[in-house]
Amino acid sequence: MTVTDTLVPAPTAANGVETGHTTAAEVAIATLEAHGVETVFGVPGVHTLALYDALVHSSIVHVLARHEQGAGFMADGYARASGRPGVAVIITGPGITNVATAVGEAYTDSSPVFVLSSNVERAYIDDMRGSLHDLKDQLGVMAAVTQWNTRVTDPNRISATIAEAMQRMGSGRPLPVHVEVPLDVLDAPVTATKPTVARRPGAMRPDPDKLHTAAERLAAAKRPVIYCGGGSVSSAAPDQIIEIAERLGAPVITSIMGKGGVPEDHPLVLGCLWGPGNAVDALLREADCLLVIGSKLGVQATSNFQMPLPAELIRVDVDARELSLNAKPSLPILGDAALAAEGIAALLAGDNVRRSGFGAERITAIRDATRAESWGVDRLPYVDALRRAVPRDGIVAFDMTMMSYVSCGLYPVYEPRTFLFPSGYGTLGFAVPAALGAKVARPDTPVVAVCGDGGFQYTMEELGTAVHHRIGVPIVIFNDSTYSAVKDEQSRSRGGRFIGVDLVNPDYVKLAAAYGIEGVRAESPAALTDAITAAFARDLPTIIDVPIAPWA
Ligand SMILES: Cc1ncc(C[n+]2csc(CCOP(=O)(O)OP(=O)(O)O)c2C)c(N)n1
Ligand SMILES: [Mg+2]
């Protein structure tokens, strides 16, 4: 670990008046400030009062969530939309178990969420002696959903520990961290009042020899294909990837997490349309070289490893484990996706490149045919209506709803960090708070939340946060009074024996009225486009209820 002291001013004595000393909590908040943290999401409790007291005089804005899961998703949305750490300040016990679900999502989807929490006093931790908010093994809970998870027991180590967490989160694949500070440590005096600041680690440079080999093999291939995963979004180099594709005439496929890694309206981009047996699958079977950028080629993305992979499999990944996970590369390149793409693009700049045998016309034909036959294409008018309303750089946070699954294939994404989806953990209730976090991170960018009626009810309490902080996000609810994703499966594989899938919904337009915000019912795709466009002009959330027929 490289951490350096900088000349960041020590926290003022203002908060130390009552304690008569500078507390560890004050240094903790000053350390977040020194790392450029501008916003934290959370819900206070007596176990985080010291941290909140320190926030009073801090430059950091506190966004008051209505539930810790909401705070976690907001931090995640903030991180996904901006690439900067999303920070949640959380109380011990129930706060931690509430936030753990959201952090689980950040973990599976490689999002840099930082949880700063408390715990009971050092003397009582894990012993269940009857303290308020006792949790038997808080670090154990968070170990399951973080890359690094630690307790501060020495008040003078608080700043160095936060700095280390920041640095770990900024190195390699972005993954969540958790720093827990016991109650008595938070209020303890510190002598080390100057915040420690982690040196920003540079992006991991790929081995230049390997980039040469990659460029040679790609140039020599008859039918090279490029596959973009989440790494091509978190370390984005859309122009360079497109340059590689254009030099080679190679089609580009993405995973769900890779949406935004390349603009989906480029003629060579097939997008996220691969499926077993479809035309993109047939194309991939013909490939003699596949360049995979930042994907673990996971179970979901490959439909249980049915995706055809050529023997010449060049993989670029910043995570040494994921580099060879699931499929052994013929050429592994450990390093940053953007640097690798830049390097390979530059090496292909000469004219010794053989053009791909696929041809641009065939690629276009494959894309059009696959879209036309795509699952859920009958919902395309709504997906198109959404795309029409959202500008090129606009962000959509999708929930776990049928319309999102259709959108994975059919909603074209043009820029990195504009498609947010709970892909790995698949948590219902992600969209609304993630959209709020994204809008806080990028206030000048239009942001929309898209959910089903079921998913909306998981985190609808965060409407309170949106109204309170005047976060102008349209919330689209595709309302079929059903858990359609589950009902559809019961229909297909359980003989139509339906159980636990039909919902009773409140009137969402009236719910909007109860919050004093606009609520509209959009009865057609055109009405949806209009409603979203009008909602963008408001600095408060808008509920857009879209009645649709259930799938099954
Ligand atoms: C936390 C959580 N619990 C349960 C599920 C299982 N699940 C996946 S989709 C779904 C139904 C969602 O319903 P809705 O939001 O109305 O969308 P629809 O499927 O109707 O389009 C359920 C219950 C889940 N993904 N996450
Ligand atoms: Mg539904």
- prompt: Does a side-chain heavy-atom distance below 4.5 Å link V252 with L270?
  reply: no
Donor-acceptor pair, side chain of T146 and main chain of P176, under 3.5 angstrom: no
- prompt: With I395, which of R417, R442, K439, E415 fulfils side-chain contact (heavy atoms from CB on, under 4.5 Å)?
  reply: R442
message: Looking at S330 and L313, would you say the former's side chain and the latter's main chain have a donor-acceptor pair under 3.5 Å?
response: yes
- request: For L297 and F305, run side chain to side chain contact (heavy atoms under 4.5 Å, CB included): C-alpha distance rounded to whole Å, both residues' side-chain angles, the deciding distance at 0.1 Å, then the answer.
  value: CA-CA 8 Å; L297 299 173; F305 309 119; 6.0 Å; no
Heavy-atom donor-acceptor pair, R387 side chain to P391 backbone, under 3.5 Å: yes
task: Look at the side chain of R315 and the backbone N and O of A327, then say whether any donor-acceptor pair between them is shorter than 3.5 Å.
output: yes
Side chain Q240, main chain A341, donor-acceptor under 3.5 Å: no
field: E286/R362 ion pair, N-O < 4.0 Å
entry: yes
task: Could you verify whether a donor N or O on one side chain and an acceptor N or O on the other, from T150 and H178, lie under 3.5 Å apart?
output: no
N/O donor-acceptor pair under 3.5 Å between T459 side chain and G429 backbone: yes
message: Just so I know, are the side chains of C451 and V476 near enough to count as touching, which here means a heavy-atom distance under 4.5 Å?
response: no
- prompt: Looking only at atom types and distance, does a side-chain atom of N119 sit under 3.5 Å from a main-chain N or O of E180, one as donor and one as acceptor?
  reply: no
- prompt: Any side-chain heavy atom of R84 within less than 4.5 Å of one from V37?
  reply: no
- request: Evaluate side chain to side chain contact (heavy atoms under 4.5 Å, CB included) for L291 paired with V316, printing each intermediate quantity in order.
  value: CA-CA 8 Å; L291 171 63; V316 175; 4.1 Å; yes
query: Under 3.5 Å, is there a donor-acceptor pair between the side chain of K259 and the main chain of T254?
result: no
- prompt: So Y405 and F398, ring-ring contact (aromatic ring centres under 6.0 Å, His included) or not? Walk me through it.
  reply: CA-CA 9 Å; Y405 315 145; F398 287 93; 10.0 Å; no
- prompt: Looking at I314 and R217, what are the two nearest heavy atoms and their distance?
  reply: CD1-CB, 4.2 Å
message: Within this structure, what is the CD1-CD1 distance for the pair I333 and I344, rounded to the nearest 0.5 Å?
response: 4.5 Å
T196 OG1 to Q167 CD distance, which is reported to the nearest 0.5 Å: 11.5 Å
message: According to side chain to side chain donor-acceptor pair (under 3.5 Å), who are the partners of D399, at least two apart in sequence or on a separate chain?
response: none
- request: Quick one: closest heavy-atom pair of A100 and V141, and the distance?
  value: CB-CG1, 4.1 Å
statement: Heavy-atom nearest pair, G394 first then T445, reads CA-CG2, 4.1 Å
- prompt: Do you know the tightest heavy-atom contact between W274 and T302?
  reply: CH2-O, 3.3 Å
message: Within the structure provided, determine whether L410 and R371 are in side-chain contact (heavy-atom separation under 4.5 Å).
response: yes
query: Rounded to the nearest 0.5 Å, how far apart are CZ of F73 and CD of E68?
result: 13.0 Å
query: Is there a side-chain contact between I293 and Y227 (heavy atoms, below 4.5 Å)?
result: no
- request: Provide the closest heavy-atom pair for Y78 versus F41 in the form atom of the first, atom of the second, distance.
  value: CD1-CZ, 3.8 Å
task: Could you tell me whether the side chain of L273 reaches within less than 4.5 Å of the side chain of R367, counting heavy atoms only?
output: yes
query: Would you say N149's side chain and L139's backbone share a donor-acceptor pair under 3.5 angstrom?
result: yes
query: If you measure only the distance, is there a donor-acceptor pair under 3.5 Å linking the side chains of S235 and D336?
result: yes
- prompt: Could you give the distance from OG1 (T370) to CD1 (I366), rounded to the nearest 0.5 Å?
  reply: 6.5 Å
message: Before you tell me yes or no, could you show the steps for D393 and T418 under side chain to side chain donor-acceptor pair (under 3.5 Å), namely the whole-Å CA-CA distance, both residues' side-chain angles and the distance that decides it to 0.1 Å?
response: CA-CA 7 Å; D393 66 341; T418 59; over 6 Å; no
field: Which atom of D288 lies closest to which atom of P224, heavy atoms considered
entry: OD1-N, 3.7 Å
- prompt: Do T427 and T101 have a side chain donor and acceptor closer than 3.5 Å?
  reply: no
message: Rounded at 0.5 Å granularity, tell me how far CZ in R223 sits from CG in L290.
response: 13.5 Å
- line: In this structure, OG1 of T161 is separated from CD of E164 (nearest 0.5 Å) by 7.0 Å
- prompt: After noting the C-alpha distance and the side-chain angles of M204 and L334, does the key distance pass the side chain to side chain contact (heavy atoms under 4.5 Å, CB included) rule?
  reply: CA-CA 8 Å; M204 195 192 290; L334 182 65; 3.8 Å; yes
field: Check ion pair R388-D384 (N to O, under 4.0 angstrom)
entry: no
Side chain to side chain, F419 and I256, heavy atoms closer than 4.5 Å: yes
task: Would you mind checking if D265 and R392 are paired as a salt bridge, meaning a charged N to carboxylate O distance below 4.0 Å?
output: yes
query: Should we say atom CZ of R205 is surrounded by more than 12 heavy atoms from elsewhere, each under 6.0 Å from it?
result: no
message: With heavy-atom distances below 4.5 Å as the criterion, would you say the side chains of V177 and V115 are in contact?
response: no
message: Donor-acceptor check, side chain of H35 to backbone of A198, threshold 3.5 angstrom: yes or no?
response: yes
- prompt: Hey, mind stepping through L116 and I90 against side chain to side chain contact (heavy atoms under 4.5 Å, CB included) and telling me if it holds?
  reply: CA-CA 6 Å; L116 178 60; I90 300 294; over 6 Å; no
field: Electrostatic pair R80-D109, nearest N-O below 4.0 angstrom
entry: yes
